[in-house]
Protein chains: 2
Amino acid sequence: MEKQTTIKDIAIALNISTSTVSRALRDAPDVKAETKAAVKALSDKLDYQPNRLALSLLNRQTNTIGVIIPNLDYVLATMVKGIDEVALEAGYTVMVCQSDESYGREIVNTKRLLDSLVDGFIVSVSSETKIFEHIKKIQDKKIPLVLFDRIVNNIAAPKIRLDNIDGGVQATEHLIEQGYKKIAILAGPENLNISNKRMEGYLQTLKTHSLRADKGHIIHCDFNQQYAYEATKELLASKNRPDAIFTISDRMAIGAMLAIKEKGLSMPHDIGLVGFNNEPIVSLVTPAISSVEMYAFEIGKATARAYIEMMSGAAGMSDQEIIIKPKLFIRTSSKRR
Amino acid sequence: MEKQTTIKDIAIALNISTSTVSRALRDAPDVKAETKAAVKALSDKLDYQPNRLALSLLNRQTNTIGVIIPNLDYVLATMVKGIDEVALEAGYTVMVCQSDESYGREIVNTKRLLDSLVDGFIVSVSSETKIFEHIKKIQDKKIPLVLFDRIVNNIAAPKIRLDNIDGGVQATEHLIEQGYKKIAILAGPENLNISNKRMEGYLQTLKTHSLRADKGHIIHCDFNQQYAYEATKELLASKNRPDAIFTISDRMAIGAMLAIKEKGLSMPHDIGLVGFNNEPIVSLVTPAISSVEMYAFEIGKATARAYIEMMSGAAGMSDQEIIIKPKLFIRTSSKRR
DNA sequence: AGCGTTACCGGTAACGTTATCGGAAATTAT
DNA sequence: ATAATTTCCGATAACGTTACCGGTAACGCT
């Protein structure tokens, strides 16, 4: 690693002071045009780039956003892409850290970024996280914080998220409308907000239609395909077999689909199936799976915009909540009318 | 954003010098145990964290790796996960920038990170990139650089990549063995190294078996599903219709699959299909698609390891090339014997 | 000629940290 | 008791940059 050219190098070469070089580079009015030209010529020649560390240290801001996410699955990668796009545009650099759904790593990541590396955070908490001291610590230090997707309710910060309840409602309404009566739900871990909200929509809709959810039809399982597969196998073997399943993610829907196929049952005839996220994959499997689109890219962009607005000192952001409306895409797996 | 506690705050509070505080915190031998205890107690109480900017400025190193990738699709996200894991373990922070397959954004990203933000690069070039001046500039400044996955041949840096030729060979050998005679290939953009290498394996294998590739059976198209779908439609409508297709990505295989199904042809009977990457999706579609596993996570980890080794001053890294062997997973789409 | 004004530039401090040097006090050795 | 050593700590400079203050020279005005 070679020494980068600094303002000092230029100053010495031109036999002027660093102050003047600095001013010349910033096009300050009180520098002779001639001097400016010389400085600029030399700085181009030496490929001078200001040292951002020094600037950050001086100005106490890094123009870097710390983004902490639980993983890089399709949905989150799409959201990050949205964040990235808007942030880059606005001159921010983004630092993405994966917590890998681990509470411990989430804390480590937060701590590291807190070492004056970033001047704000955009966070989606891991499914394992039940204690939010590390998040609160961010706020204690008065560092801007925006939450997205997997938000935390009792923290006062701008929140950008899907209307998860509505997603649950849309999915369940649709299944009922298609004539399904015994609708089961494959939910995520019990403390996962987004899962609970989707379930809330589900329960609420059942109630509206005077249907009752069998206790055995509400399954909490880990957020992945394998668990969903096994849970579905059990569901299908149970006495009171459901005639439809709503899963709160597409990966879980795929797991369910495999179990259903294996059992020799047909969709949508014997069993209806609706997933969540509307990942590309769901339209490629057979049968194509209905799914709730959550507009991840939009959520990402809105998140970055909220962050920028917050940084620009907008007031009353802490209780702002941007809620994106989901939309159900109906496909073969649940369409029997 | 509140003022962080600094070493100075502690020094003033305890009426000692900042030097002593610094030493006490680093457990230097020449500090009284009593003083050390006092400093540590107060630093805990004030939640002191050293300012990494100041340290980086002083030591001329940031312990941050700049990772530049073209996008965050399944394969690259998996690789990043591998990089992340190893890097975090070794105390590095990772800065991921997406170029979004754009040459321009790749340059912008490189430039930004070059502003003394990172002390080394891990790069996978975008498919649009044909000029590598920005990469060479990294090396001109003697900044460590590791290339992975989409490497650039005429740049002297450690390279970690798949044995793409072998992947092409495995896929093609398999198709020939299954009795397919007229094997087409859906390749990526013409300047994309990984695509060309996979194609090289394909051509090489045809030659071994004294088969000739019809010129019309070699298609270059963009790296996505839609283009592959359309290219396949054309292929299937052509006079000399192929009886097998090898695509250099799974997303392209999916596109091909859709076109084949639409045409009413059956796999593996009428047409054999083999993809590349072995993404989870390929075992979920019907028919399940054979695909070449590229061990993305391993590649990511190996990349980070090479980077760390390089940083530790290991010699002769610049001509090191780590080549991971792929492995074909055979599924319904191509198994007719 | 003397004064004020303008144009231009340099010096210094500061951001937070540590390495280096040097020095005072305390301890040990003679 | 004095010298020699050890123990402990403080001051300073440095990393690269800019804000701020100040100063010199040239110019214009009366």
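Convention: sequence-line order gives letters A, B, ...; per-chain numbering from 1. What you see is a predicted model; the values in this text were computed from it and never measured.
- With rounding to whole Å, A:L55 atom CG is found 8 Å from D:dG16 atom C1'.
- In this structure, A:L14 places its CG atom 17 Å from P of C:dC8, rounding to the nearest Å.
- Using a 4.5 Å heavy-atom threshold, the side chains of A:R150 and A:N193 count as separate.
- Nucleic acid contact class of B:S56 (heavy atoms, under 4.0 Å, all strands): none.
- Between B:S22 and C:dA19 there is no side-chain polar atom (N or O) within less than 4.0 angstrom of OP1 or OP2.
- Annotation: of the two residues near DNA chain D, B:T35 and A:L57, the 5′-most nearest-nucleotide partner is B:T35.
- Considering only side-chain atoms of A:T20, the nucleotide from D:dG16, C:dT17, C:dC9 that sits closest is C:dC9.
- Rounded to an integer number of Å, the gap from CG of A:L58 to P of D:dC20 is 11 Å.
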List the steps and the verdict of side-chain contact (heavy atoms from CB on, under 4.5 Å) for A:R305 and A:K301.
CA-CA 6 Å; A:R305 273 191 232 106; A:K301 288 203 286 188; 3.6 Å; yes
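- Going from atom CG of B:D115 over to atom C1' of D:dT17 covers 13 Å, rounded to whole Å.
- The distance between atom CG of B:L53 and atom P of D:dC15, rounded to the nearest whole Å, is 17 Å.
- A:I16 comes within contact range of the sugar-phosphate backbone alone, with a heavy-atom separation under 4.0 Å but no base atom that close.
- As a whole-Å value, the separation of B:Q61 CD from C:dA19 P is 12 Å.
- If you run side-chain contact (heavy atoms from CB on, under 4.5 Å) between B:M95 and each of B:T62, B:L113, B:V67, only B:L113 comes through.
- Comparing A:A33 and B:I7 along DNA chain C, the residue whose closest nucleotide (by nearest heavy atom) sits nearer the 5' end is A:A33.
- In this model, the phosphate group of C:dA19 is not approached by any side-chain N or O of B:R23 to a distance below 4.0 Å at OP1 or OP2.
- Between D:dG16 and A:T6, no contact under 4.0 Å exists linking OP1 or OP2 to a side-chain N or O.
- Side-chain nitrogen and oxygen atoms of B:R26 include at least one within less than 4.0 Å of the OP1 or OP2 phosphate oxygen of C:dA19.
- Using a 4.5 Å cut-off on side-chain heavy atoms (C-beta onward), B:I194 and B:L162 make no contact.
- Atom CD1 in B:I12 sits about 12 Å away from atom P in D:dA11, given to the nearest Å.
- If you check distances only, the side chain of A:S19 does reach the base of C:dG11 with a donor-acceptor pair under 3.5 Å.
- Between A:S17 and B:Y48, the residue anchored nearer the 5' end of DNA chain C, judged by the nucleotide with its closest heavy atom, is A:S17.
- The 5' end of DNA chain D is approached more closely, in terms of each residue's nearest nucleotide, by B:D30 than by the other of B:D30 and A:Q49.
- Between B:R60 and D:dG16 there is a side-chain polar atom (N or O) within less than 4.0 angstrom of OP1 or OP2.
- Residue B:P50 has its side chain nearest to C:dT17 when only D:dT18, C:dT17, D:dG16 are considered.
- As a whole-Å value, the separation of A:L117 CG from C:dT17 P is 13 Å.
- A heavy-atom distance below 4.5 Å is found between the side chains of A:T78 and A:Y74.
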